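Shown next, in structure tokens, is the structure this report addresses.
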Amino acid sequence: MNSLRAKERKELYDTEMDHPFVILPEEQAPEALQHCECCELSKQRTRVIWGEGNPKAKLMLILDNPGAREDREGNSFLCGTRETLQLGLREAGIDTNSVYVTYLLKCRPMRAYNKPEARTACLPHLQLQLLQKQPSVLFGFGNVVAEAIFPQKENASVKELRGNWHEFQGIPISFTYHPLAVRRRPNLLRFFVEDLKALKEKWKGRSTPHT
């Protein structure tokens, strides 16, 4: 089974050789938050990572936390999460220049930490971003984001929430599987792309002026 999945994954990413992935530009955190010490991640991070992509985009994607952006030698690096995310966007017909990618946690965890405490501490940063950027549509990836956005829901999981639109701070939001889950289980790609296509339709509908 593992060898079959590895073969499927290789075939999937080999098809993308003619369409190279890109490293999206990083947006610097507000000066007042660059040295945030609200949780223990401040003791292990390299820096606060506010988001990446087009900072003026009205389509905001929310991941659980930043991935590696540099390899051991300090060269720019595209982690598996962002590679799979770009693959899904491309398959759904969404231009990477049209999205802004941010995170529930603004620091990349380097070792074990108090997850509930960190998520609670970081959520106000995400809420601040929404107030500042006023996106038209939100889209979350994975159960961690779903649980943090809707802590009051008994079954706040991708399985329960995907396929429908909800609301967070007055903005439509839906969810799909985390890119790493899709990378590990290629059979999820079909649903991943299906959800992203629904996102594109929602975004287009809110972007089209009503006459």
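Remember, it's a predicted structure, so these values are computed and weren't measured experimentally.
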Practice item. Look up atom NZ in Lys204 and atom CD1 in Ile94, then write down how far apart they are to the nearest 0.5 Å. Key: 10.5 Å
Exercise for review: Could you check whether the rings of Phe150 and His166 sit parallel, tilted or perpendicular, using 30° and 60° as the cut-offs?
Suggested key: perpendicular
Exercise for review: Give the intermediate values and the outcome of side chain to side chain contact (heavy atoms under 4.5 Å, CB included) for residues Arg108 and Met110.
Suggested key: CA-CA 6 Å; Arg108 181 188 173 215; Met110 304 298 288; 3.8 Å; yes
Review point. Which pairs, with at least one residue in residues 129-139 and sequence neighbours excluded, count as a salt bridge (Lys or Arg N to Asp or Glu O under 4.0 Å)?
Key: Glu27-Lys133
Exercise for review: Before giving the answer on side chain to side chain contact (heavy atoms under 4.5 Å, CB included), spell out for Arg47 and Glu26 the whole-Å C-alpha distance, their side-chain angles and the decisive distance to 0.1 Å.
Suggested key: CA-CA 12 Å; Arg47 64 187 183 281; Glu26 184 178 328; 2.9 Å; yes
Practice item. For residues Leu33 and Leu128, determine if any side-chain heavy atom of one lies less than 4.5 Å from a side-chain heavy atom of the other. Key: yes
Check your understanding: Are the side chain of Arg206 and the backbone N or O of Ser136 linked by a donor-acceptor pair below 3.5 Å?
Key -> yes
Check your understanding: Do Arg190 and Glu91 sit within salt-bridge range, that is, some charged N less than 4.0 Å from a carboxylate O?
Key -> no
Point to revise | Cluster overlap Ile49 with Val101, hydrophobic side-chain contacts below 4.5 Å | key: yes
Review point. Would you say the side chain of Phe141 lies within less than 4.5 Å of the side chain of Asp64, judging by non-hydrogen atoms?
Key: no
Exercise for review: Please name all residues satisfying ring pair (Phe, Tyr, Trp, His ring centres under 6.0 Å) with Tyr103, sequence neighbours left out, ordered by chain then number.
Suggested key: none
Exercise for review: Walk me through it: do Phe168 and Gln127 pass the test side chain to side chain contact (heavy atoms under 4.5 Å, CB included)?
Suggested key: CA-CA 9 Å; Phe168 181 59; Gln127 293 170 323; 4.2 Å; yes
Review point. What are the two closest heavy atoms between Cys79 and Gly67, and how far apart are they?
Key: SG-CA, 4.1 Å
Point to revise | Minimum heavy-atom distance between Asn164 and Ser174, given as atom pair plus value | key: O-OG, 2.8 Å
Review point. Are the side chains of Leu130 and Met60 in touch, meaning some heavy atoms are under 4.5 Å apart?
Key: yes
Review point. Can you check salt bridge (Lys or Arg N to Asp or Glu O under 4.0 Å) on Lys153 and Glu160, steps first, answer last?
Key: CA-CA 10 Å; Lys153 286 186 180 292; Glu160 295 294 327; over 6 Å; no
Point to revise | CD-CG distance between Glu147 and Leu104, expressed to the nearest 0.5 angstrom | key: 10.5 Å
Point to revise | NZ/NE/NH1/NH2 to OD/OE distance under 4.0 Å, Glu52 and Arg69 | key: yes
Exercise for review: Measure the spacing between CZ of Phe139 and CG of Leu85 and express it to the nearest 0.5 Å.
Suggested key: 10.0 Å
Point to revise | Of all pairs that satisfy side-chain hydrogen bond (donor to acceptor under 3.5 Å, both in side chains), the ones with a partner from residues 32-46, not counting sequence neighbours | key: none
Exercise for review: Indicate yes or no for a side-chain donor-acceptor contact from Gln86 to the backbone of Val22 under 3.5 Å, with no hydrogens or angles considered.
Suggested key: yes
Study note, to complete from the structure: Cluster membership besides Leu180, Ile/Leu/Val/Met/Phe/Trp/Tyr side chains within less than 4.5 angstrom, sorted by chain and number, is none
Exercise for review: Look at the side chain of Lys106 and the backbone N and O of His125, then say whether any donor-acceptor pair between them is shorter than 3.5 Å.
Suggested key: no
Practice item. Go through the steps to decide whether Phe21 and Arg82 satisfy the test side chain to side chain contact (heavy atoms under 4.5 Å, CB included), and finish with yes or no. Key: CA-CA 9 Å; Phe21 300 106; Arg82 301 206 306 283; over 6 Å; no
Review point. Below 4.5 Å, heavy atoms only, C-beta onward: do Thr84 and Val182 meet side chain to side chain?
Key: yes
Exercise for review: Could you tell me which residues satisfy side chain to side chain contact (heavy atoms under 4.5 Å, CB included) with Arg162, sequence neighbours excluded, listed by chain and number?
Suggested key: Val158, Tyr177, Phe191, Glu194, Asp195
Exercise for review: Report whether Val48 and Leu105 are members of the same hydrophobic cluster (ILVMFWY, side-chain heavy atoms less than 4.5 Å apart, transitive linking).
Suggested key: no
Practice item. To the nearest 0.5 Å, tell me how far Phe77 CZ sits from Ile23 CD1. Key: 9.0 Å
Check your understanding: Under 6.0 Å from the CD atom of Gln132, do we count more than 12 heavy atoms belonging to anything else shown?
Key -> yes
**Study point:** Side-chain touch Pro186/Leu188, heavy atoms, less than 4.5 angstrom
**Key:** no
Practice item. Group every Ile, Leu, Val, Met, Phe, Trp and Tyr by side-chain heavy-atom contacts under 4.5 Å, then state whether Leu123 and Tyr113 land in the same group. Key: no
**Study point:** Distance (rounded to the nearest 0.5 Å) between Ile62 CD1 and Leu138 CG
**Key:** 5.0 Å
Exercise for review: Report the residues that fulfil side chain to side chain contact (heavy atoms under 4.5 Å, CB included) with Ala198, sequence neighbours left out, ordered by chain and then residue number.
Suggested key: none
Point to revise | Any Pro135 side-chain heavy atom under 4.5 Å of Leu59 side chain | key: no
Review point. SG of Cys122 to CG of Leu41: how many Å apart, nearest 0.5 Å?
Key: 7.0 Å
Review point. Less than 4.5 Å apart, any side-chain heavy atom of Lys56 and any of Tyr100?
Key: no
Review point. How about Trp50 and Gln28: do any of their side-chain heavy atoms sit closer than 4.5 Å?
Key: no
Check your understanding: Has the side chain of Lys58 got a donor or acceptor atom that lies under 3.5 Å from a matching backbone atom of Val137?
Key -> no
Check your understanding: Taking all atoms of both residues into account, what is the closest heavy-atom pair of Ser98 and Ala57, and its distance?
Key -> O-CB, 3.3 Å
Review point. What heavy-atom pair brings Asn114 and Pro116 nearest, and what distance separates the two atoms?
Key: OD1-CD, 3.3 Å
